[in-house]
Amino acid sequence: MKNFFFLLVSAFFILSCNQSFNKVLKSKDFDYKLTMADKYYGAKKYNKAQQLYIELFPIFKGTDKFEDLYYKYAYCAYYLRDYPNAENLFSGYLGVFPNSQRAEEIAYMNSFTFYKQSPKPELDQANTVKAIGMMQTFISNYPNSPRVKDAQNIISLCRSKLESKEFKAAKLYYNLSQYQAAGIYFSNLVREYPDSERGDEYMFMALKSNFEFAEKSIRDKQEERFEQVVNEYFDFVDRYPESKYLKEAESLKTQSENNIKHLKNEQVKKTASS
C-alpha cells in the first residue's frame, strides 16, 4: 500500500508539472516565458528550458536580453550532452558577441565540446585532433586565462589517446606479421611522442620489427636491412641505457651481426667459385 501510494503521488506530481509546463508553452506572454525558461534553467531542467529558448530565440534577437538567452540556450545543449549542437551554439555565440565578457569562457567551452565528442582510441579521432588544435588556439588567444592549465591537460589527454591508437595499430601490424609496416608505425611513435613513458618499448619494437622484416626479406636485401638493425640498436642503447628491453635488443643485434657475416661469407664463396 505504501508503494502504491508513493507511485500515485509521484504520478500526480509529474502530471501537475507537465500541465504547468504546457501552460507556459501555450502562453503568449514572451517575457513570462523567458522568466520561466530561466527558472527551469536554474533548476537544471534543461530540456524544458531549451524548448522555451528555441521559441524565444527569434523573438528576443537584437534586444538587450538576447545575449543571456543565447548563453543559456547554448549551455542547455551542452548539459543535455548534445555536443555537436552545443559546439555550433558556442561558436555562433562568439560570432555574434565577439567582445562579450563571456568570450573567454565560451571559447574554452567551444573547444571543450570537441573533446567531449572524442571517441574511443579504436575509432576515428578527427574530433580529438580538432580538440587539440582548438585548445592550442585558446591558449594562444588567452595566455593569461585561469583555464590554460585545464586546456593543457585536455591536450595531454588527447595526445595520449592518439598515441594509444597509433600503438594499437603498430601492434596489430606486428601481430599480422606485417613487419615493415609495424617498424614504420613504431618509429613514428618514437618521433611523435619523444617524451612518452613507453618510449623505450616503441623504439625496441621498431628494432624488433625491422629484424623480423630483414629475416624475411629476399637474400639481396638482407645484409642492408640487418645493418639497419645494428645501427638502430646503438641508437637504442644511447637513448635508453637502462631499458628492460636491453638484453633482448642486444640479442637481436648479435643475431644481425652473425647474419651479416654469414651473408658476406656466402658472397665471398660465390665470387671465388665464379
Side-chain angles (χ1 to χ4, degrees), residues 111-112 114-115 117-140 143 148-218 220-257 259-260:
S111 305
F112 191 65
F114 283 102
Y115 171 69
Q117 295 175 75
S118 175
K120 295 178 180 179
E122 296 81 8
L123 302 177
D124 179 72
Q125 296 298 311
N127 281 323
T128 309
V129 173
K130 185 72 173 179
I132 291 173
M134 294 286 285
M135 285 297 179
Q136 288 173 335
T137 299
F138 174 81
I139 292 170
S140 296
V148 165
K149 188 174 181 179
D150 291 335
Q152 291 171 335
N153 185 49
I154 294 297
I155 290 172
S156 295
L157 291 172
C158 288
R159 283 181 59 80
S160 293
K161 185 175 288 189
L162 294 178
E163 181 181 346
S164 177
K165 181 180 177 65
E166 292 296 311
F167 176 69
K168 288 180 179 181
K171 285 286 286 184
L172 178 62
Y173 278 119
Y174 184 86
N175 292 336
L176 292 173
S177 301
Q178 299 291 320
Y179 298 118
Q180 184 179 24
I184 292 170
Y185 265 78
F186 282 119
S187 295
N188 286 341
L189 280 163
V190 173
R191 184 178 64 255
E192 292 175 14
Y193 305 97
D195 300 321
S196 172
E197 293 180 353
R198 305 181 73 170
D200 64 331
E201 180 181 0
Y202 299 154
M203 201 166 186
F204 168 72
M205 286 304 299
L207 185 152
K208 188 175 182 180
S209 298
N210 289 331
F211 174 82
E212 298 283 2
F213 177 55
E215 278 205 321
K216 289 171 175 55
S217 297
I218 61 173
D220 290 344
K221 295 288 187 180
Q222 283 188 322
E223 183 178 340
E224 174 189 346
R225 288 170 181 170
F226 280 123
E227 286 176 349
Q228 179 184 342
V229 173
V230 173
N231 291 332
E232 287 179 356
Y233 164 78
F234 288 113
D235 290 338
F236 176 75
V237 172
D238 286 341
R239 188 162 180 175
Y240 300 105
E242 304 296 329
S243 172
K244 64 181 180 180
Y245 301 105
L246 202 59
K247 287 185 178 180
E248 193 173 349
E250 186 174 358
S251 175
L252 294 175
K253 187 263 294 186
T254 301
Q255 291 180 64
S256 296
E257 289 175 331
N259 288 332
I260 292 169

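All residue numbers in this chain count up from 1 along the given sequence. Small disclaimer: the values here were computed from a predicted structure and weren't measured.
- Around atom NZ of Lys216, more than 12 heavy atoms belonging to other residues, nucleotides or ligands sit under 6.0 Å away.
- Side-chain contact annotation: Asn259 with Gln222, donor-acceptor N/O pair under 3.5 Å absent.
- For the ring-ring contact (aromatic ring centres under 6.0 Å, His included) with Tyr179, the lone residue among Phe213, Tyr174, Tyr173, Phe211 that qualifies is Tyr174.
- Side-chain atoms of Glu224 and Gln228 include no donor-acceptor pair closer than 3.5 Å.
- Between Gly183 and Ala206, the closest heavy-atom pair is O-CB, 4.1 Å.
- One N or O on the side chain of Lys165 and one on the backbone of Leu123 form a donor-acceptor pair closer than 3.5 Å.
- Here the closest non-hydrogen pair linking Lys161 and Pro119 is NZ-O, 2.8 Å.
- Put simply, CD on Glu201 and OG on Ser243 are 9.0 Å apart, with the number rounded to the nearest 0.5 Å.
- Between Ser256 and Val230, the shortest heavy-atom distance links the atoms CB-CG2, 3.8 Å.
- Across all non-hydrogen atoms, the minimal contact from Pro143 to Ser140 is CD-O, 3.5 Å.
- Annotation: Phe138, atom CZ; neighbour count of heavy atoms from other residues, nucleotides and ligands within 6.0 Å is above 12.
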| task | Applying side chain to side chain donor-acceptor pair (under 3.5 Å), run through Thr254 and Glu250 and close with a yes or a no. | result | CA-CA 6 Å; Thr254 301; Glu250 186 174 358; 5.3 Å; no
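- Remark: aromatic rings of Tyr233 and Phe236 are distant, center separation not under 6.0 Å.
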| said: Under the criterion side chain to side chain contact (heavy atoms under 4.5 Å, CB included), I'd like the reasoning laid out for Tyr185 against Leu172: C-alpha separation, chi angles, the key distance, then a yes or no. | reply: CA-CA 10 Å; Tyr185 265 78; Leu172 178 62; over 6 Å; no
| query | Should Asp235 and Met203 be marked as a side chain to side chain contact (heavy atoms under 4.5 Å, CB included) after you check the CA-CA gap, both sets of side-chain angles, and the distance that decides it? | reply | CA-CA 9 Å; Asp235 290 338; Met203 201 166 186; 3.8 Å; yes
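- Taking every heavy atom of both residues into account, Val190 and Gly199 meet most closely at CG2-O, 4.4 Å.
- Around CD of Glu122, the count of heavy atoms belonging to other residues, nucleotides or ligands within 6.0 Å exceeds 12.
- A side-chain donor-acceptor contact under 3.5 Å links Tyr202 and Glu163.
- Under the 4.5 Å side-chain criterion, counting only non-hydrogen atoms from C-beta, Arg239 is in contact with Pro194.
- Under a cut-off of 6.0 angstrom, the local environment of NZ in Lys130 is sparse, with at most 12 non-hydrogen atoms contributed by other residues, nucleotides or ligands.
- At a threshold of 4.0 Å, the pair Lys208-Glu212 does not count as salt-bridged, since none of the basic side-chain nitrogens sits closer than that to a carboxylate oxygen.
- Rounding to the nearest 0.5 Å places OG of Ser251 at 11.5 Å from CG of Leu246.
- Using bins of under 30°, 30° to 60° and over 60° for the plane-to-plane angle, the ring pair Phe167/Phe186 lands in the perpendicular bin.
- Here the closest heavy-atom approach between residue Arg159 and residue Glu192 is recorded as NH2-O, 3.0 Å.
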